[in-house]
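These notes concern the structure reproduced below.
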2 protein chains.
Amino acid sequence: MMRRVTSFDVAARAGVSQSAVSRVFSGASASKATADKVREAADALGYRPNVLARSLITGRSRIIGLVVAYLGNPFYPDALERFSRDLQEEGYHTMVFTVPEGAGEVDTDRIIQQMLDHQVDGIVLASVGLGDALAARCEAAGIPVVLFNRGQAGSGLAQVTSANRLGGAKVADFLFSGGHLRIGHVAGWQGSSTGRDRTEGFLERLAALGRDCVGVEDGRYDHAEAVRAADLLLAKDVDALFVGNDHMAFAVMDHLRSTLGLSVPGDVSIVGYDDVPMASFAAYDLTTVRQPVGRMVKTTVIALINQIEDKSAQAEVTEIDGPLILRGSARIPEGLQ
Amino acid sequence: MMRRVTSFDVAARAGVSQSAVSRVFSGASASKATADKVREAADALGYRPNVLARSLITGRSRIIGLVVAYLGNPFYPDALERFSRDLQEEGYHTMVFTVPEGAGEVDTDRIIQQMLDHQVDGIVLASVGLGDALAARCEAAGIPVVLFNRGQAGSGLAQVTSANRLGGAKVADFLFSGGHLRIGHVAGWQGSSTGRDRTEGFLERLAALGRDCVGVEDGRYDHAEAVRAADLLLAKDVDALFVGNDHMAFAVMDHLRSTLGLSVPGDVSIVGYDDVPMASFAAYDLTTVRQPVGRMVKTTVIALINQIEDKSAQAEVTEIDGPLILRGSARIPEGLQ
DNA sequence: CGTGATTTTGCACACCTATGCAAAGCCTTG
DNA sequence: CAAGGCTTTGCATAGGTGTGCAAAATCACG
């Protein structure tokens with residue numbers, strides 16, 4: 001095993017001092033002449049700056065901690081892949097932290113400790129289920145944080161979500177003009193801002209249209225819970241369900257069709273939220289509100305890097321609008337065809 | 001922003017030397033008395049060893065590079081989540097590297113360079129699509145590598161897969177005893193060992209049973225390609241299709257049912273491979289060979305850590321058997337009901 | 001060519017921990 | 001009690017880079 005090539009080796013070969021080499025590679029000022037000599041020597045020796053040493057001294061690791069809880073909902077793998085890619089392009093790297101199911105205080109603390117240990121430059125909290133405590137602690141540790149697909153009112157934290165209230169309202173409009181008379185709602189987890197916002201936007205618009213919601217049940221972003229919730233609403237004889245995310249919507253559709261033998265959208269119209277890739281599969285062909293993952297991720301990355309590079313930067317709260325995607329799981333109003 | 005507390009601070013407070021502190025925290029020998037003093041002082045000051053400095057000097061980062069290509073196939077998010085969790089438990093951390101679609105030589109080199117830069121202790125190559133060049137280069141760089149769900153004959157690299165040939169054979173047995181007469185095969189990408197092995201195991205067993213395969217088409221682990229392949233085989237009037245992975249099987253089922261109006265399994269039986277969570281959704285209810293992700297990941301982690309901690313450790317090739325999961329997408333033989 | 005302003009360069013140190021080495025401490029045993 | 005073996009401890013240095021500071025070099029300009 002060969003010894004690593006260091007900046008001293010390069011310096012020796014180029015006939016300059018080590019600091020000159022350092023300056024060339026860290027982008028500080030240097031004359032064209034020395035820069036050329038250094039680069040040539042570096043290429044010849046196959047030199048690459050030691051990231052660890054660099055991080056040790058600058059205190060910046062160029063590593064971002066990405067905290068996720070549950071990748072079973074295909075929205076998150078998609079996001080994760082994009083995060084990794086986008087961050088790579090910005091010269092950062094992604095370290096994944098998985099927070100266990102029952103995220104106890106102890107687990108949370110351990111994860112934060114690990115992120116601090118690795119001197120992560122910034123943190124993306126990318127899961128609805130993550131308790132507020134985690135966010136607060138990260139913030140307290142003095143590390144830039146951005147909440148992804150998750151809000152926290154009055155926290156002063158940067159956050160990027162889709163326009164959830166507006167999205168909910170869009171669904172209300174759509175189901176209303178589709179002529180549905182008994183509309184129910186399998187809500188996203190009401191302990192999360194996304195869940196609450198979608199629900200509120202939906203209910204408010206429905207009320208504004210002069211129509212009551214037949215019932216609201218919390219599906220907790222969980223398969224089994226969603227099915228249970230749907231059953232409760234079906235007992236109230238609904239003809240349309242707005243389901244808080246696609247993941248639950250699939251479970252509900254399966255249940256309606258396979259277990260209960262109902263037709264979607266014949267007997268019940270279903271509308272989801274997210275537009276995960278699977279929503280366009282023919283088996284579901286789900287009408288849903290698209291969360292523009294690509295733009296959400298890009299926005300998150302930019303916001304985070306801004307905070308990292310300019311510590312005084314304001315923590316922004318961004319909402320990104322997404323369209324309602326019309327497919328076959330819900331009756332389509334006349335005019336929209 | 002407070003200065004970090006260092007081992008010197010702890011040493012001063014405990015009345016010992018810095019090396020004593022270091023020894024206590026790195027598990028080297030120390031007397032009970034000093035260990036107690038050090039720990040007490042450390043707790044009081046909130047000291048934690050600086051991972052970067054430690055890595056710099058030991059040359060071990062306790063970071064594992066996880067290289068993935070495509071998270072659209074839900075098999076991989078599942079694996080990723082488990083990797084992150086299991087590695088965390090072993091005191092390692094996961095840095096995700098995404099290799100772009102058309103993995104050119106340049107991209108590959110850049111990724112390896114980045115992993116070397118971060119002095120990753122080990123690498124998991126977790127994607128069928130990754131070229132052999134990448135694996136070879138990692139190996140050449142002297143970093144322990146384990147191929148996950150991907151083989152490479154004669155490479156001398158450690159690898160963990162499911163028993164793909166055997167799995168293929170199981171499907172052959174199953175379709176045969178189901179009384180199918182015209183069996184076709186939408187193969188996994190034949191440029192990958194998993195794809196080839198499943199196909200070979202399937203065809204060999206079929207031949208041994210005295211039955212020909214009506215046709216084999218490469219679906220390249222891609223939605224559109226799989227549909228195209230299925231069309232070619234349907235032209236040959238098949239009554240059963242073994243599809244190289246679940247992801248493609250979903251596409252094929254959608255195509256058969258929605259576009260062509262065929263019944264599954266009435267007109268055509270479909271069998272997949274992987275048993276991703278979605279396979280059990282009622283909309284597909286896919287009969288498939290389970291890849292035991294949990295055990296595959298655990299095995300990979302152990303193999304990798306063995307290699308890291310004992311550089312002379314043999315690179316093992318492990319195959320893990322998985323059962324055929326009977327569901328509703330394929331006609332079930334009399335006796336098995 | 002001389003003077004002052006500006007850029008470039010090298011020196012030395014900081015970042016924080018692990019570890020080889022020798023001295024010091026302890027325990028054991030005859 | 002002395003000698004010898006083992007454990008513990010402190011000293012000093014390595015690991016590879018970035019950066020403040022002062023000296024040196026370059027430049028502009030009269």
Side-chain angles (χ1 to χ4, degrees), chain A residues 1-39 41-42 45-63 91 113 116-121 308-309, chain B residues 1-39 41-42 45-63 91 113-114 116-121 309:
Chain A
M1 199 61 187
M2 228 167 21
R3 215 185 89 265
R4 269 188 79 100
V5 183
T6 79
S7 53
F8 281 98
D9 303 331
V10 178
R13 172 157 181 142
V16 297
S17 74
Q18 178 268 335
S19 15
V21 179
S22 168
R23 276 190 262 262
V24 169
F25 277 90
S26 57
S29 67
S31 73
K32 178 95 167 57
T34 49
D36 287 345
K37 280 191 294 186
V38 166
R39 272 187 223 291
L45 297 175
Y47 168 75
R48 304 224 76 205
N50 185 321
V51 174
L52 265 53
R54 178 177 279 183
S55 298
L56 176 60
I57 196 169
T58 59
R60 330 187 72 204
S61 60
R62 297 195 80 83
I63 295 178
Q113 207 38 269
L116 289 177
D117 284 353
H118 282 275
Q119 301 193 26
V120 161
D121 284 348
I308 291 172
E309 294 179 351
Chain B
M1 198 62 189
M2 227 169 19
R3 214 183 91 266
R4 270 187 81 99
V5 310
T6 77
S7 53
F8 281 99
D9 303 332
V10 178
R13 173 160 181 140
V16 296
S17 72
Q18 177 268 334
S19 13
V21 179
S22 167
R23 276 189 262 262
V24 170
F25 276 90
S26 57
S29 66
S31 73
K32 177 93 168 56
T34 50
D36 286 345
K37 281 192 291 186
V38 166
R39 274 189 220 290
L45 297 174
Y47 169 74
R48 301 225 79 204
N50 185 322
V51 175
L52 265 52
R54 179 176 279 184
S55 298
L56 176 59
I57 195 169
T58 59
R60 331 188 69 203
S61 60
R62 298 195 77 84
I63 295 177
Q113 209 36 271
Q114 291 174 5
L116 289 178
D117 284 352
H118 283 273
Q119 302 192 27
V120 162
D121 283 348
E309 294 179 351

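Note that the structure is predicted; figures quoted are calculated from it, not measured. Here is the naming used below: chain letters follow the sequence lines, and residue numbers restart at 1 for every chain.
- In this structure, A:Arg4 places its CZ atom 15 Å from C1' of D:dA14, rounding to the nearest Å.
- At whole-Å resolution of the value, CG in A:Asp117 and C1' in C:dT17 are 14 Å apart.
- By the 4.5 Å heavy-atom criterion applied to side chains, B:Thr34 and B:Arg23 are not counted as neighbours.
- Counting non-hydrogen atoms under 4.0 angstrom, B:Thr58 reaches the backbone sugars and phosphates but no base.
- The residue A:Phe8 sits close to a base: some heavy atom pair falls under 4.0 Å.
- The distance from atom CD of A:Gln18 to atom C1' of C:dC15 is 13 Å, rounded to the nearest whole Å.
- Residue A:Val16 is classed as a sugar-phosphate contact, given heavy-atom separations below 4.0 Å to backbone atoms only.
- Looking at heavy-atom distances under 4.0 Å, B:Ser22 makes contact with a base.
- In this structure the side chain of B:Leu52 reaches within 4.5 angstrom of the side chain of A:Gln119, judged on heavy atoms.
- Not a single donor-acceptor pair, N or O on each side, falls under 3.5 Å between the base of C:dC11 and the side chain of A:Ser17.
- Contact check for A:Arg62 versus B:His118: no side-chain heavy atoms found under the 4.5 Å cut-off.
- Nucleic acid contact class of A:Ser19 (heavy atoms, under 4.0 Å, all strands): base.
- Taking 3.5 Å as the limit, the base of C:dG10 and the side chain of A:Arg23 contain a donor-acceptor pair of atoms between them.
- Residue contacts for A:Ser55: at a heavy-atom cut-off of 4.0 Å it reaches no nucleic acid atom on any strand shown.
- Distances shorter than 4.0 Å separate none of the side-chain N or O atoms of B:Ser31 from OP1 or OP2 on D:dT8.
- Regarding A:Arg54, its CZ atom lies at a distance of 15 Å from the P atom of D:dG16, rounded to whole Å.
- Between B:Lys32 and B:Asp36, some side-chain heavy-atom pair lies under the 4.5 Å cut-off.
- Rounding to whole angstrom units, CZ of residue B:Arg60 and P of C:dT19 are separated by 10 Å.
- Spacing between atom CD1 of B:Ile57 and atom C1' of D:dT13 amounts to 9 Å, rounded to whole angstrom units.
- Rounded to an integer number of Å, the gap from B:Arg48 CZ to C:dC15 P is 21 Å.
- Residues B:Thr6 and B:Asn50 are not in side-chain contact: their nearest non-hydrogen atoms beyond the backbone lie 4.5 Å or more apart.
- Between A:Lys32 atom NZ and D:dT26 atom C1' the separation is 17 Å, expressed in whole Å.
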